[in-house]
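A short write-up of the structure that comes next.
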Amino acid sequence: QVQLVESGGGLVQAGGSLRLSCVVSGIIFNRYNMGWYRQAPGKQRELVARITNGGRTNYADSVKGRFTISRDNAKNTVYLQMNSLETEDTAVYSCTASLLLENYWGQGTQVTVSS
């Protein structure tokens, strides 16, 4: 019933940009905090960026100044604009929705940054 569908991943050269999208259905979207996580091979999943239901944002230190999270409540969509990409950004990126103890996850989209 609850669905989060990511898109926008792909292969990009170092220094390039990508914009990820996550379309959400089955929840009252504007009530939920939204976030982007990533997981690289052999590494733990980490929180990349978060935006609250009130529009407040925060970022992992490794992406601060390069990535921007935003949301469009009219479209039930959250975005992650990724600029100045580095090879270390290569990972599967997943969208999350959270409210109290409720947590929902998308299927993930692959981002590969080549040197």
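These numbers come from the heavy atoms of this one structure, side chains and all, not from hydrogens, waters or symmetry mates. The structure displayed is predicted, hence computed values, not measured ones.
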task: Evaluate whether atom CZ of Arg19 has more than 12 neighbouring non-hydrogen atoms of other residues, nucleotides or ligands under 6.0 angstrom away.
output: yes
Measure the [atom1]-[atom2] distance between [X] and [Y] for me, rounded to the nearest 0.5 Å.
X      : Y      : atom1 : atom2 : value
Leu4   : Gln107 : CG    : CD    : 8.5 Å
Arg50  : Thr57  : CZ    : OG1   : 9.5 Å
Lys43  : Glu88  : NZ    : CD    : 7.5 Å
Trp105 : Cys22  : CH2   : SG    : 11.5 Å
Cys95  : Trp36  : SG    : CH2   : 5.0 Å
Asp89  : Thr112 : CG    : OG1   : 11.0 Å

Could you tell me if the side chain of [Y] sits less than 4.5 Å from the side chain of [X], heavy atoms only?
X     : Y      : answer
Tyr32 : Ile51  : no
Thr90 : Gln110 : yes
Lys75 : Ser21  : no
Met82 : Arg66  : no

query: Are Gln81 and Tyr79 close enough that a side-chain donor and a side-chain acceptor fall under 3.5 Å?
result: no
Looking at every heavy atom in both [X] and [Y], which two are closest together, and how far apart are they?
X      : Y      : answer
Glu6   : Tyr93  : OE2-O, 4.1 Å
Asn53  : Asn30  : CB-O, 3.2 Å
Asn103 : Leu101 : ND2-O, 3.5 Å
Val78  : Phe29  : N-CZ, 4.3 Å
Tyr59  : Thr68  : OH-CA, 3.4 Å
Ser17  : Ser84  : OG-N, 4.3 Å

task: Report the C-alpha separation of Asn73 and Arg71 in whole Å, then their side-chain angles, then the decisive distance to 0.1 Å, and conclude whether the side-chain hydrogen bond (donor to acceptor under 3.5 Å, both in side chains) test is met.
output: CA-CA 6 Å; Asn73 288 337; Arg71 67 191 296 163; 3.0 Å; yes
